[in-house]
Protein chains: 2
Amino acid sequence: MDQLNEPTGKTHATRALIELRKKILDGELAGGTRLFEVPLAEELAISRTPVREAMSRLAEEGLLDRVRSGGFVVRTFGFADVIDAIELRGVLEGTAARLAAERGVSAEQIATMREIVHKLDACFGEVPGDVDFETYSELNESFHHELAGLAGSEVIRREVARVSRLPFASPSAFSPDLGDIAAFRRSLNLAHEQHRAIVAAIAAREGSRAEALAREHARAARRNLEHVLREDRSLIDQLPGLALVVD
Amino acid sequence: MDQLNEPTGKTHATRALIELRKKILDGELAGGTRLFEVPLAEELAISRTPVREAMSRLAEEGLLDRVRSGGFVVRTFGFADVIDAIELRGVLEGTAARLAAERGVSAEQIATMREIVHKLDACFGEVPGDVDFETYSELNESFHHELAGLAGSEVIRREVARVSRLPFASPSAFSPDLGDIAAFRRSLNLAHEQHRAIVAAIAAREGSRAEALAREHARAARRNLEHVLREDRSLIDQLPGLALVVD
DNA sequence: ACCCGAACTGGTGTATACAATCGCCTCAAA
DNA sequence: TTTGAGGCGATTGTATACACCAGTTCGGGT
């Protein structure tokens with residue numbers, strides 16, 4: 001599921017996939033829009049075959065729905081769906097954390113997690129709000145990536161990855177572009193404390209605690225989303241994958 | 001996601017989809033087997049195009065994996081994966097139940113659930129083990145179907161449906177074919193008590209309890225699986241979708 | 001006015017020829 | 001022995017023509 005070959009577009013189908021995905025995420029193709037093969041093929045200057053291939057993959061990603069009579073429509077996402085997708089990620093990461101704790105993880109795995117946490121520590125400077133945002137964002141992604149696989153279950157890892165593929169539900173949804181906002185920088189301290197606690201709970205085989213912490217950790221994304229909605233809706237367009245959301 | 005047009009096969013692609021799915025679930029195509037378009041097309045007496053379409057859909061279902069260099073392989077499922085898929089269904093149904101309780105459901109929805117529970121009651125006769133298995137199985141499916149949508153979240157409903165599509169993880173995995181075994185028939189009393197309790201918890205807006213009950217309810221499937229593995233492995237071939245599992 | 005069916009339109013479904021690519025094998029040179 | 005270039009066969013990628021299906025419209029008979 002993570003081997004969706006996209007070296008920035010080798011085949012026509014891959015390029016079509018990337019272009020279409022971009023248009024959907026940018027909101028250029030509104031939810032509910034039916035995608036017709038012929039016009040799309042003309043627009044992309046390719047034949048219908050790779051267009052179909054691309055649409056099929058987008059259906060796998062959950063950005064398109066197949067319609068009964070054939071063809072595809074752009075899936076509609078409202079803010080409620082974004083909230084639910086974030087909740088779902090929390091639930092699944094929570095399950096990954098719980099199972100990791102219950103089933104036990106190797107010393108190497110714990111060491112890996114602790115190293116990531118340690119490197120994340122180093123992102124924070126003396127004064128609150130002084131954060132190496134770029135590095136934090138990368139390490140945060142590593143943390144969540146590792147966590148998904150920590151239970152040693154391919155089934156779980158795959159489903160966590162799947163829901164995280166929706167850009168607005170991904171663990172790094174609010175990371176890369178909100179570095180300017182002081183409030184977000186400061187909230188990172190709390191989030192990172194949760195990173196530390198999750199690892200500790202897993203190491204101590206406290207499954208229920210690990211699960212609860214991972215769920216609460218995902219709530220940070222929801223709080224950020226709600227902040228954006230309440231305080232500064234102009235940020236919506238800057239956040240990747242939030243442009244397609246309608247309400 | 002539930003509109004996978006399969007009126008038993010109108011188009012070649014649909015027939016190919018059904019045939020391939022059957023072969024995978026029956027274990028005729030072992031996990032790891034690479035599926036080549038040309039031989040498959042010849043075998044099914046159709047062209048490559050609908051074969052690709054069918055494989056693409058099977059990838060969406062999670063029965064095939066795409067490989068980097070193009071093409072598909074049959075996904076491998078071990079018993080550990082079955083366990084995890086059942087666990088995952090429990091987690092997701094638990095989330096559906098919790099959110100339904102937390103967010104509240106309409107009187108009509110509760111009435112619908114209670115009606116299903118009531119009809120399920122009627123499946124049980126005077127003596128333990130006297131069960132209308134056929135009807136129970138159908139109603140059980142309705143119960144789980146309704147539960148998935150009870151939170152009013154399309155995102156949740158869709159993901160519950162998705163994991164339930166793997167036949168060995170579905171709520172009715174052990175229903176239709178185990179009616180003979182007395183032990184299973186008796187265990188149904190317990191399972192049905194859980195149905196009743198889940199509805200009661202949701203109605204009382206006891207989210208945590210509803211979640212825990214739904215999770216535990218899914219464990220019944222796991223117990224049945226483990227029973228089959230321990231006591232009577234010959235049943236494996238009779239259970240739908242368990243033939244593909246290797247360990 | 002009403003019905004019914006033929007033709008048309010707009011879309012996907014399918015077959016097929018050909019192009020591009022990947023993996024592997026060979027063979028030669030370091 | 002290793003390594004790298006080259007070629008070759010197997011397999012997927014792509015274009016395109018045509019088939020087919022479902023609405024829809026239009027016409028004619030009643």
Side-chain angles (χ1 to χ4, degrees), chain A residues 1-24 29-61 63-75, chain B residues 1-24 29-61 63-75:
Chain A
M1 207 60 173
D2 47 5
Q3 58 213 7
L4 308 162
N5 38 328
E6 324 182 7
T8 324
K10 243 179 335 198
T11 66
H12 287 172
T14 310
R15 281 193 290 274
L17 171 66
I18 293 171
E19 289 230 3
L20 283 177
R21 187 195 289 131
K22 180 177 180 335
K23 285 193 182 182
I24 295 169
L29 291 168
T33 305
R34 170 121 186 227
L35 296 184
F36 297 111
E37 296 176 5
V38 177
L40 270 180
E42 282 171 6
E43 192 183 326
L44 299 169
I46 57 180
S47 78
R48 284 172 54 208
T49 314
V51 172
R52 293 184 75 144
E53 173 71 15
M55 293 198 295
S56 176
R57 289 181 183 225
L58 286 170
E60 274 181 62
E61 283 184 34
L63 292 179
L64 297 183
D65 282 334
R66 291 182 190 270
V67 300
R68 245 187 241 297
S69 50
F72 299 83
V73 297
V74 179
R75 186 168 162 198
Chain B
M1 207 60 172
D2 46 4
Q3 58 215 11
L4 308 162
N5 38 326
E6 323 182 7
T8 324
K10 223 168 10 183
T11 67
H12 288 173
T14 309
R15 281 192 290 273
L17 171 66
I18 293 171
E19 288 231 2
L20 283 177
R21 188 195 288 131
K22 179 175 180 337
K23 286 193 181 181
I24 294 169
L29 292 168
T33 304
R34 174 135 183 209
L35 296 184
F36 297 111
E37 295 175 4
V38 177
L40 271 180
E42 283 171 5
E43 192 183 326
L44 299 169
I46 56 179
S47 78
R48 285 172 53 208
T49 313
V51 172
R52 295 184 74 147
E53 173 71 16
M55 293 197 295
S56 180
R57 288 181 184 226
L58 286 170
E60 280 179 55
E61 282 184 35
L63 291 179
L64 297 183
D65 282 334
R66 292 181 189 269
V67 300
R68 221 196 347 269
S69 51
F72 299 83
V73 297
V74 179
R75 185 168 163 196

field: Main-chain N/O of A:K10 paired with A:R15 side-chain donor or acceptor, under 3.5 Å
entry: yes

query: Which part of the nucleic acid does B:L35 contact within heavy-atom distance under 4.0 Å: base, sugar-phosphate only, or nothing?
result: sugar-phosphate

- prompt: Please give, in whole Å, the distance from D:dT14 C1' to A:L17 CG?
  reply: 16 Å

message: If you assign each of B:P50 and A:G71 to its closest nucleotide in DNA chain C, which residue comes earlier from the 5' end?
response: A:G71

task: Identify the heavy atoms of A:A13 and A:A54 that sit nearest to each other, and give their distance.
output: O-CB, 3.7 Å

field: Phosphate contact (D:dA15 OP1 or OP2) by A:S47 side-chain N/O below 4.0 Å
entry: yes

- line: Of B:V73, B:L58, B:V74, the one forming a side chain to side chain contact (heavy atoms under 4.5 Å, CB included) with B:D65 is B:V73

field: Under 4.0 angstrom between B:R34 side-chain N/O and D:dT12 OP1 or OP2
entry: yes

- request: For D:dC21, take OP1 and OP2 only and decide whether either is under 4.0 Å from a side-chain N or O of B:K10.
  value: no

- prompt: Which of these passes side chain to side chain contact (heavy atoms under 4.5 Å, CB included) with A:L64: A:L20, A:L29, A:T33, A:L35?
  reply: A:L35

- prompt: Rounded to the nearest Å, what distance is computed from the CZ atom of residue B:R68 to the P atom of nucleotide D:dT12?
  reply: 16 Å

message: Does a side-chain N or O of B:R48 approach OP1 or OP2 of C:dA17 to a distance below 4.0 Å, or not?
response: no

Integer-rounded Å distance: C:dA15 P and B:L40 CG: 14 Å

query: In whole Å, what is the span from the CZ atom of B:R66 to the P atom of C:dC22?
result: 17 Å

- line: Against the side chain of B:T49, the closest entry in C:dA15, D:dT11, C:dT12 is C:dA15

- line: Atom CZ of B:F36 and atom P of D:dA10 are separated, to the nearest Å, by 11 Å

message: As a test of reading the structure: which of D:dT12, D:dG13, D:dA15 is closest to the side chain of A:I46, going by heavy atoms?
response: D:dA15

query: C:dA15 P sits how many Å from B:R52 CZ, rounded?
result: 14 Å

- request: Determine: side-chain N/O of B:H12 to OP1/OP2 of C:dA15, distance under 4.0 Å, yes or no.
  value: yes

task: Nearest whole angstrom, please: distance from the P of C:dT12 to the CD of A:E53.
output: 16 Å

message: Give me the atom names and distance for the closest heavy-atom approach of A:R66 to B:S56.
response: NH2-OG, 4.1 Å

query: If you check every side-chain atom of B:S69, which of C:dG11, C:dT14, C:dC22 has the closest atom?
result: C:dC22

message: What is the distance, to the nearest angstrom, from the CZ atom on B:R15 to the C1' atom on C:dA15?
response: 15 Å

